[in-house]
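Here the structure is a predicted model, which is why all the values come from computation and not from measurement.
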Amino acid sequence: MTIDKTPPNPPESEESPETGAGAETPAPALAVPTSSAGESATRSASSLAWARRRASVSRFWRQYRAHRAGLLGLAGLAVIALIALTSPLFIGGDVQSVTDAPGTALESPSAEFPLGTDQFGRSLLGLLIWGARISLIVGLLAAVLSVAIGTFVGIIAGHFGGWFATVAMRVTDWFLVMPALVLAIVLATVMSRSIWTVILAIGVTSWPTTARLVRAQTIAVESRPYIERARALGGGHGHVMTRHVLPNVMPLVLAQTTLGISTAILTEATLAFLGLGDPSVVSWGGMLQDAREAGAVSSGHWWYLAPPGIAIALVALAFTLCGRAIEAVLNPKLGVSR
């Protein structure tokens, strides 16, 4: 008689070795809302970035308010910009009309014409207010174009270096040694006479100073350790220049833009005074050129010369005060007085 030694099958109620009492029972997978978590993280990062920007702007404004000259310049610019923007509301476009001039030629200041009239009988006060729009637009756009070219050349030359930087800096030196006004006169002469020609002539001849300053700042920024870490983590040339170098040179660019606007306004007035401006628009430099042609200098009609000249000087001074205050806030080592 043989005995069957095969152990009987375990009952279905007993646990198998894989799921025995000592083994951990895998918990069911929970659905994690990854999209909502990612969105909340993005929102928190964005809100943190905006909070830092607001704190930076608030800190900049607190330091800027400490400069009385900068506040005076800013107040003057605000008043001039407000008058220029609202001029179409209380001065019609017919202020430039020669045939419908309300007065007679070269009237002295009076109650009807506070600044007198020009050689066509037009109100000089209306022309002065109307011309503020053109002078400010030319100054702003020309300064922005100049600083944009200088920033681009400076960052590229400082980042790549080598033969490209050598060639770029030699071209920059050539523009530096050449008088910018002479180059602007040449461009304004060979091109059509329009406001865009004046903007282009000023912008492409006044960028070398910005390029040299931005290149020096770029070299200083790229020598810092976090630039090496960004490159080690796979950051390319575009990432380094746009995400690290450009934000660090922007304060310098902002100050240079503010200082460049006054120079651009003066250059536009000079070109218009030489007869190279747009004859179809009214600007402060064009008013000075008309006064010269009318013989206001020799005949003693001071009210024709003084208003546009004083307006140009005041706007240039206001932008210079603002630029020096911004420069002092962004670079306290300059020691600019308050």
Of I261, L145, T257, the residue whose pairing with L140 passes side chain to side chain contact (heavy atoms under 4.5 Å, CB included): I261
Please examine the side chains of [Y] and [X], heavy atoms only from C-beta on, and report whether any two atoms are closer than 4.5 Å.
{"X": "P208", "Y": "W174", "value": "no"}
{"X": "H244", "Y": "H239", "value": "yes"}
{"X": "V198", "Y": "L276", "value": "no"}
{"X": "W196", "Y": "V138", "value": "no"}
{"X": "P109", "Y": "W302", "value": "yes"}
{"X": "L252", "Y": "L330", "value": "no"}
{"X": "L106", "Y": "H301", "value": "yes"}
{"X": "Q256", "Y": "T209", "value": "yes"}

Any side-chain donor-acceptor pair under 3.5 Å between [X] and [Y]?
{"X": "R170", "Y": "T166", "value": "no"}
{"X": "S206", "Y": "S146", "value": "yes"}
{"X": "T197", "Y": "S194", "value": "yes"}

Angle between ring planes, [X] versus [Y], binned at 30° and 60°: parallel, tilted or perpendicular?
{"X": "W207", "Y": "F175", "answer": "tilted"}
{"X": "W61", "Y": "Y64", "answer": "parallel"}
{"X": "H237", "Y": "F160", "answer": "tilted"}

May I have the step-by-step check of side-chain contact (heavy atoms from CB on, under 4.5 Å) for M241 and I156, ending in yes or no? CA-CA 8 Å; M241 288 188 292; I156 295 295; 3.9 Å; yes
Using the rule given for side chain to side chain donor-acceptor pair (under 3.5 Å), can you reason through R62 versus S58, listing the C-alpha separation, both sets of side-chain angles and the distance that settles it, and then say yes or no? CA-CA 6 Å; R62 285 197 306 269; S58 177; 3.0 Å; yes
Are the side chain of [X] and the backbone N or O of [Y] linked by a donor-acceptor pair below 3.5 Å?
{"X": "W284", "Y": "A269", "answer": "no"}
{"X": "T86", "Y": "L89", "answer": "no"}
{"X": "E293", "Y": "D290", "answer": "no"}

Any chain of hydrophobic side-chain contacts (each under 4.5 Å) joining [X] to [Y]?
{"X": "I185", "Y": "V204", "answer": "no"}
{"X": "V315", "Y": "F273", "answer": "yes"}
{"X": "L141", "Y": "V144", "answer": "no"}
{"X": "L314", "Y": "V79", "answer": "no"}
{"X": "L77", "Y": "I129", "answer": "yes"}

Please step through side-chain contact (heavy atoms from CB on, under 4.5 Å) for the pair L288 and I312, ending with a clear verdict. CA-CA 11 Å; L288 290 175; I312 293 171; 4.0 Å; yes
If a pair satisfies salt bridge (charged side-chain N to carboxylate O under 4.0 Å, His left out) and one of its residues is in residues 226-250, list it, with sequence neighbours excluded. E222-R231
Start with the C-alpha distance between W303 and T117, add both sets of side-chain angles, then the distance that settles side-chain contact (heavy atoms from CB on, under 4.5 Å), and finish with yes or no. CA-CA 8 Å; W303 61 86; T117 61; 5.5 Å; no
ILVMFWY cluster membership beyond F120 - transitive side-chain contacts under 4.5 angstrom: V98
The test is side-chain contact (heavy atoms from CB on, under 4.5 Å); show your working for T205 and L181 and say whether it passes. CA-CA 8 Å; T205 56; L181 181 59; over 6 Å; no
Residues in side chain to side chain contact (heavy atoms under 4.5 Å, CB included) contact with L127, at least two apart in sequence or another chain: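 Residues passing side chain to side chain contact (heavy atoms under 4.5 Å, CB included) with L127: V95, D118, R122, L124, V282, M287.
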